[in-house]
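Residues take their numbers from the sequence shown, with the count starting at 1. Basis for what follows: all heavy atoms, side chains included, without hydrogens, waters or symmetry-related copies.
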Amino acid sequence: MSVVESTSANTVAGTGVRRAPATAVAAAPMSTGTGAAAALPVPVQVPVPLPSPPDPAQRFTISEVAALTGLTAHTLRWYERIGLMPHVDRSHTGQRRFTRRDLDWLAFVGKLRTTGMAVADMVRYAELIREGDHTHAERKAILQGTRDDVVERIAELQDALAMLDLKIDHYQSIFGGPAS
């Protein structure tokens, strides 16, 4: 699984500059310019390394998973509450302990979100997985339907791109210069 960089919802001194969690930010040289913005350090994204090869017994806290995935702790709790996340183990103090398998699942869910799949369909897919192997056909049907939707959207976007290229070429011919 690749390392994911993320930023938190915190902002630096109300400037709207998003700051990465402390575990993923390295101090950058201070600007030598003048003004209020010059005194603020510029956050630098540093990959949060995962040990390699993966230790299947390794556990991650919710804040570590949030930093690795870019999801908020609130979203992770919500995923668990609606049944999108499989059962997440807890420590003896009740804290969630995510596994590498959970991280892989979250990466897959992120891809499903990118496709535009409805949350209800993602939850249904997760339920089917928990029901067992006899649900393979229904799971495949859900994924095939989503794939068909993605192919259709790609075709629509390609048509829109072709139209934009025609218009850009038209303006290029008016103003001169090379066409796109």
(message) Is it the case that over 12 heavy atoms from other parts of the model lie below 6.0 angstrom from the NE2 atom of His74?
(response) no
(message) So, taking the atom named CD in Gln172 and the one named NE2 in His170, what distance separates them when rounded to the nearest 0.5 Å?
(response) 11.0 Å
(message) One thing to verify: whether Arg124 and Glu127 come together as a salt bridge, which I'm taking to mean a side-chain N less than 4.0 angstrom from a carboxylate O.
(response) yes
(request) Answer with yes or no whether the side chains of Asp149 and Thr146 bring together a donor and an acceptor at under 3.5 Å. (result) no
(message) Between Arg100 and Glu64, does any side-chain N to carboxylate O distance fall below 4.0 Å?
(response) no
(message) For a 4.5 angstrom cut-off between non-hydrogen side-chain atoms, does Thr69 reach Leu103?
(response) yes
(message) Do Val88 and Arg97 make a side-chain contact, defined as non-hydrogen atoms from C-beta onward lying under 4.5 Å apart?
(response) no
(message) Return the OG1 to CD1 distance between Thr135 and Ile142, rounded to the nearest 0.5 Å.
(response) 8.5 Å
(request) Compare all side-chain heavy atoms of Val119 with those of Val123 and state whether any distance is below 4.5 angstrom. (result) yes
(request) Indicate the atoms forming the closest heavy-atom contact of Ala66 with Leu76, along with that distance. (result) N-CD1, 4.0 Å
(request) Supply the members, apart from Val150, of the Ile/Leu/Val/Met/Phe/Trp/Tyr cluster built from side-chain contacts under 4.5 Å; use none for a lone residue. (result) Ile154
(message) Same cluster or not: Leu143 versus Ile129, using hydrophobic residues (I, L, V, M, F, W, Y) connected whenever any side-chain heavy atoms lie under 4.5 Å apart?
(response) yes
(request) Tell me, please, which residues at least two apart from Ala73 pass side-chain contact (heavy atoms from CB on, under 4.5 Å). (result) Ile62, Arg77
(request) Search all heavy atoms of Leu71 against all heavy atoms of Thr75 and return the closest pair with its distance. (result) CD2-CG2, 4.1 Å
(request) Evaluate whether atom CZ of Arg153 has more than 12 neighbouring non-hydrogen atoms of other residues, nucleotides or ligands under 6.0 angstrom away. (result) yes
(request) Rounded to the nearest 0.5 Å, what's the gap from CZ on Phe60 to CD on Gln58? Could you check? (result) 3.5 Å
(request) Decide yes or no for Glu80 and Arg96: does some side-chain heavy atom of the first lie under 4.5 Å from some side-chain heavy atom of the second? (result) yes
(message) Going by the rule ring-ring contact (aromatic ring centres under 6.0 Å, His included), which residues pair with Tyr125 if we only count those two or more places apart in sequence or in a different chain?
(response) Phe108
(message) Less than 4.5 Å apart, side chain to side chain, heavy atoms only: is that true for Leu106 and Met85?
(response) yes
(message) Are the side chains of Val109 and Leu84 in contact, using a 4.5 Å heavy-atom criterion?
(response) yes
(message) Rounded to the nearest 0.5 Å, what separates atom CG in Asp89 from atom CZ in Phe98?
(response) 10.0 Å
(request) To the nearest 0.5 angstrom, please state how far the CG atom of Leu112 sits from the CE atom of Met117. (result) 4.5 Å
(message) If we ignore hydrogens and angles and just use 3.5 Å, is the side chain of Asp148 paired with the main-chain N or O of Gly145 as donor and acceptor?
(response) no
